[in-house]
Student: 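Encoded as structure tokens, here's the structure I'll be asking about.
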Amino acid sequence: VLWMIMSSIFFAAMGASVKHATMRLPSTEVVCFRFLVTVVLLFPWMLAQRVSLVGHRQQLLFLRSFCGFVSGCLSFYVTSRIPLADSYILTSSSPIFVAALSILFLKEIVPARVFMYVALAAVGAAFVVKPQFRDYNSTAVLGLAAAVFSAFAYLGIKKLHRTESTLTVVFHFSAFS
């Protein structure tokens, strides 16, 4: 539980930092810097631990990295354009899509009650998007697109965890990005 709380605090701090940084820099530069820092920190650690930098399943690593990269770019762009709370809700709605996509791509059996939770989360996201037939909020839609790409990245992680080190997956993603 402590690690989950710490993770939430650090992700909130990163979101606030991104919001602040994108007021002065293009979101693409902020994305590049974020991933560069990860590569610089992970590289020596992986060498010391003798963890593979390349991995065994390059195609799946590439697909996971690509989806994560697109999600990161969209998330940072959305964060630079709309209020941080709205951006966070939209880009963090990936569990909605993970539940549906895991049935299609991982052939997982999802309990019926999960669909009720997914529906409630989708209604909450809709309140943020504020859909109107006359007024199309494209930035909010990009936030949901970030969540979809993030969901695909999570599905990739689920498949990769059997054969790849967590460090390899994170390093590959960060180096690709």
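Any value given below was found using the heavy atoms of this structure, including those in side chains, with hydrogens, waters and symmetry copies removed. Numbers here simply count residues along the sequence, with the first being 1.
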Student: Within this structure, what is the CG-CE distance for the pair L53 and M46, rounded to the nearest 0.5 Å?
Tutor: 4.5 Å
Student: Mark yes or no: R64 above the aromatic ring of F173, with NZ or CZ under 6.0 Å from the six-membered ring centre and no more than 45 degrees from the axis.
Tutor: yes
Student: Does a side-chain heavy-atom distance below 4.5 Å link S174 with V170?
Tutor: yes
Student: F171 and V31: same hydrophobic cluster, using ILVMFWY side-chain contacts below 4.5 Å?
Tutor: no
Student: Which atom pair, heavy atoms only, marks the closest approach of V51 to S165?
Tutor: CG1-OG, 3.5 Å
Student: Distance from T79 atom OG1 to D86 atom CG, nearest 0.5 Å?
Tutor: 10.5 Å
Student: Should F69 and F62 be regarded as members of a common hydrophobic cluster, given that ILVMFWY residues are connected when their side-chain heavy atoms come within less than 4.5 Å of each other, either directly or indirectly?
Tutor: yes
Student: Between F35 and S177, what is the shortest heavy-atom contact and its length?
Tutor: CD1-CB, 3.3 Å
Student: When you group the ILVMFWY residues by side-chain heavy-atom contacts below 4.5 Å and let the links chain together, are V169 and V70 in the same group?
Tutor: no
Student: V37, F76: one ILVMFWY side-chain cluster at the under-4.5 Å cut-off?
Tutor: no
Student: Is there side-chain contact between Y77 and R81, with heavy atoms separated by less than 4.5 Å?
Tutor: yes
Student: Would one find more than 12 heavy atoms of other residues, nucleotides or ligands at under 6.0 Å from atom CD of Q59?
Tutor: no
Student: Heavy atoms only: give me the nearest L61-V54 pair and the separation to one decimal.
Tutor: CD1-O, 3.3 Å
Student: Just how far is it from atom CG of L160 to atom NE2 of H56, taken to the nearest 0.5 Å?
Tutor: 11.5 Å
Student: Can you list everything that forms a side-chain hydrogen bond (donor to acceptor under 3.5 Å, both in side chains) with S65? Sequence neighbours excluded, please.
Tutor: H172
Student: For a quick test of reading the model, state the closest non-hydrogen atom pair linking F66 to F149 and the distance between them.
Tutor: CE2-CE2, 4.4 Å
Student: Identify all side-chain donor-acceptor contacts of residues 92-117 below 3.5 Å with residues at least two apart in sequence or on another chain.
Tutor:
residue	atom	partner	partner atom	Å
S92	OG	Y88	O	2.8
S93	OG	L90	O	2.6
S102	OG	V98	O	3.1
S102	OG	A99	O	3.0
K107	NZ	L104	O	3.0

Student: Please report the interatomic distance SG(C73) to CZ(R34), rounded to the nearest 0.5 Å.
Tutor: 11.0 Å
Student: Report yes if some heavy atom in the side chain of L74 is under 4.5 Å from a heavy atom in the side chain of S71; otherwise report no.
Tutor: no
Student: Please, which pairs that meet ring pair (Phe, Tyr, Trp, His ring centres under 6.0 Å) have at least one residue in residues 12-31, sequence neighbours excluded?
Tutor: none
Student: Could you verify whether a donor N or O on one side chain and an acceptor N or O on the other, from T22 and S80, lie under 3.5 Å apart?
Tutor: no
Student: When rounded to the nearest 0.5 angstrom, what distance separates CZ in F43 from CG in L167?
Tutor: 13.0 Å
Student: Could you give the distance from SG (C67) to CZ (F152), rounded to the nearest 0.5 Å?
Tutor: 7.0 Å
Student: Check the surroundings of atom NZ in K159: do more than 12 heavy atoms from other residues, nucleotides or ligands lie under 6.0 Å from it?
Tutor: no
Student: Please report the closest heavy-atom contact between G156 and L60, naming both atoms and the distance.
Tutor: O-CD2, 4.4 Å
